[in-house]
Amino acid sequence: MRIPDKHILVIFGASGDLTYRKLIPSVYDLYSQNLLPEQFGILGVGRTALSHDAFREKMEDGIDDFALTTKDKEKKKAFLNKLYYYAFNTKEGNEYAGFKNELLELNHQLNTGNNFIFYLATPPSMYPIIPKYLAKNGLNDETDGFKRLIVEKPFGYDLESARELNHSLLKEFNEHQIYRIDHYLGKETVQNLLVTRFSNGIFEPLWNRNFIHHVEITSSEDIGVGNRGGYYEGSGALRDMVQNHLLLLASLVAMEPPALINADSIRNEIVKVLQSLRPIPVEKVEEFVIRGQYTASEVKGKKRNAYREEEGVNPKSRTETFVAMKFFIDNWRWAGVPFYIRTGKMLPTRVTEIVIHFQSTPHHLFANDKAIQRQQNQLVIRIQPDEGLLLKFGMKVPGAGFNVQDVNMDFHYSELSNTYLPSAYERLLLDGMLGDATLYSRGDAVESAWAFVEPILKAWKERPCIKVHGYPAGTWGPDISDDLIEGAQTWRYPCKNLAGDGDYCEL
Ligand code: BG6
């Protein structure tokens with residue numbers, strides 16, 4: 001395994017939740033697997049005044065609660081000694097000189113060769129501001145060492161703001177210095193999509209409109225908005241999940257084979273898919289997109305609040321906590337194949353999966369039995385949990401006649417001898433440190449995804465007559481989302497266990 005060059009990782013927003021729950025535990029996991037360079041440090045930046053030791057103590061709790069590797073006491077102590085903290089008001093341009101001094105001092109002390117990674121884990125309003133002041137202080141200049149920017153989501157609020165953000169970042173930094181995070185690309189099972197498709201001779205020849213009937217992608221969560229009501233209220237499921245994670249999954253399912261496994265080749269293919277999405281006209285949004293919001297109910301004997309009762313949420317809110325939609329990809333491979341995606345909070349279970357529904361056989365030889373209902377092979381690619389692959393096919397029921405029943409052939413990651421699945425942040429941080437942007441989003445892809453959701457946002461804003469359907473917390477969203485699917489098909493209603501479908505579970 002390649003070890004990154006020496007550097008300092010500067011985290012803006014170091015007193016926030018993301019740093020505590022994801023970033024520091026992930027860097028610790030890298031450290032405990034000996035994947036960090038010898039000369040390395042983390043400089044946390046926040047507004048709250050904290051001593052280095054107080055910051056270390058707080059981060060130790062985060063490691064204890066969220067790191068995935070074993071927590072060896074000595075290792076943890078050595079790692080915590082690499083953590084430093086500096087408080088300043090990042091909105092004030094004149095405070096950056098002090099920050100720069102601190103950083104250069106640390107760089108000198110740790111001998112990190114002027115290589116810096118700046119991670120923006122702040123509220124999005126700071127994304128254009130911090131890079132501007134970094135650049136004013138020469139901290140974008142790579143003549144004496146690399147300078148990289150990692151930008152958290154949300155990248156923009158709509159097409160215009162995403163364009164503005166790209167424009168403002170590109171004024172100060174080059175594209176190769178900018179790493180836009182979509183943590184779904186960091187997931188092992190999402191990367192496995194490429195391997196499943198492009199390393200198996202049996203799938204790729206069938207992977208097109210001639211053999212695939214439709215594609216279904218679900219990303220459901222069984223929790224509500226928790227303490228993020230304030231953020232979510234201004235976002236909603238379309239911005240929070242569809243514009244980024246779900247369109248990314250659809251792109252990986254639909255993309256052409258890249259020429260090479262590198263940042264340019266893969267990202268070129270992703271952007272081509274996003275540019276081929278058939279726009280949904282504003283006046284047709286209701287036909288193609290269903291929005292919903294959870295209402296109060298009782299789940300497993302526990303009372304669940306309605307979304308409108310959550311902290312930070314407008315009691316008359318029309319923000320969607322559920323989206324289901326149908327769309328098409330206008331290119332040679334996918335012409336006419338419907339893609340269905342759905343995501344929501346407070347659904348029965350937490351599952352992300354892709355279901356490829358193959359065309360049924362051209363002639364139903366065994367049409368007098370259950371095969372008539374089945375008719376289609378399905379390949380289920382489970383992203384989480386119970387990560388794995390499931391292929392459904394018809395088998396003869398032993399005995400007289402030719403009765404057909406559906407059976408499962410399944411592989412679970414848990415069956416591998418080395419079952420350590422690195423977290424998405426661990427993988428992405430390591431790649432950022434190595435200067436590999438393959439699993440980060442490129443500016444044009446982010447803008448294309450925004451361009452696709454733009455008419456939906458516009459329709460919802462300008463046409464209040466478009467219904468926000470209520471669904472009781474703990475159910476699979478508004479019933480009407482079943483009507484999106486063409487023909488007699490329905491969504492697959494997945495369980496926690498990959499192969500445990502067909503039962504009505506979780507409720
Ligand atoms: C985040 C969203 O990007 O993804 C959250 O802001 C959502 O609302 C989360 O809960 C889901 O990520 P995961 O990795 O748990 O599927």
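Since we're looking at a predicted model, the values are computed, not measured. Index from 1, following the sequence. Read the numbers this way: they start at 1 and go in the same order the structure lists the ligands and their atoms.
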Considering the heavy atoms of [X], write down every atom of ligand 1 situated less than 4.0 Å from one of them.
| X | value |
| --- | --- |
| Lys153 | 1 (C), 2 (C), 3 (O), 6 (O) |
| Lys345 | 5 (C), 7 (C), 8 (O), 10 (O) |
| His245 | 1 (C), 3 (O), 4 (O) |
| His183 | 1 (C), 3 (O), 4 (O), 12 (O), 13 (P), 14 (O) |
| Lys187 | 13 (P), 14 (O), 16 (O) |

Looking at residues at least two apart in the chain, or sitting in another chain, which of them share a salt bridge (charged side-chain N to carboxylate O under 4.0 Å, His left out) with Lys58?
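Listed in chain order: nothing, the list is empty.
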Who pairs with Glu387 by salt bridge (charged side-chain N to carboxylate O under 4.0 Å, His left out), at least two apart in sequence or on another chain?
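Here no residue qualifies.
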For atom 15 (O) of ligand 1, what is the nearest protein heavy atom, given as residue, atom name and distance?
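For this ligand atom, the closest protein heavy atom is Arg350 NH2, 3.2 Å.
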Measure the distances from the heavy atoms of Asp240 to every atom of ligand 1 and state whether one is below 4.0 angstrom.
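Heavy atoms of Asp240 do come under 4.0 Å of ligand 1.
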Heavy-atom gap Tyr184 to ligand 1 smaller than 4.0 Å
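So Tyr184 counts as touching ligand 1.
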Among Lys22, Arg427, His245, Glu152, the one residue meeting side-chain contact (heavy atoms from CB on, under 4.5 Å) with His183:
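So the option named by the test is His245.
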Quiz question: by atom type and distance under 3.5 Å, do the side chains of Glu426 and Gln33 form a donor-acceptor pair?
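Result is yes, a qualifying pair exists.
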Do Thr218 and Glu353 have side-chain N/O donor and acceptor atoms under 3.5 Å apart?
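The answer is no; no qualifying pair exists.
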Could you tell me whether Arg163 and Glu160 make a salt bridge, using a distance below 4.0 angstrom between a side-chain N and a carboxylate O?
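A salt bridge is absent here (no side-chain N lies under 4.0 Å from a carboxylate O).
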So how far is it from Arg350 CZ to Glu221 CD, rounded to the nearest 0.5 Å?
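One finds 7.0 Å between CZ of Arg350 and CD of Glu221.
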Between Glu221 and ligand 1, is there a nitrogen or oxygen pair with a distance under 3.5 Å?
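Among all N and O atoms of Glu221, at least one is under 3.5 Å from an N or O of ligand 1.
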Arg228-ligand 1 polar pair, N/O distance under 3.5 Å:
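Checking ligand 1 against Arg228, an N or O pair does fall under 3.5 Å apart.
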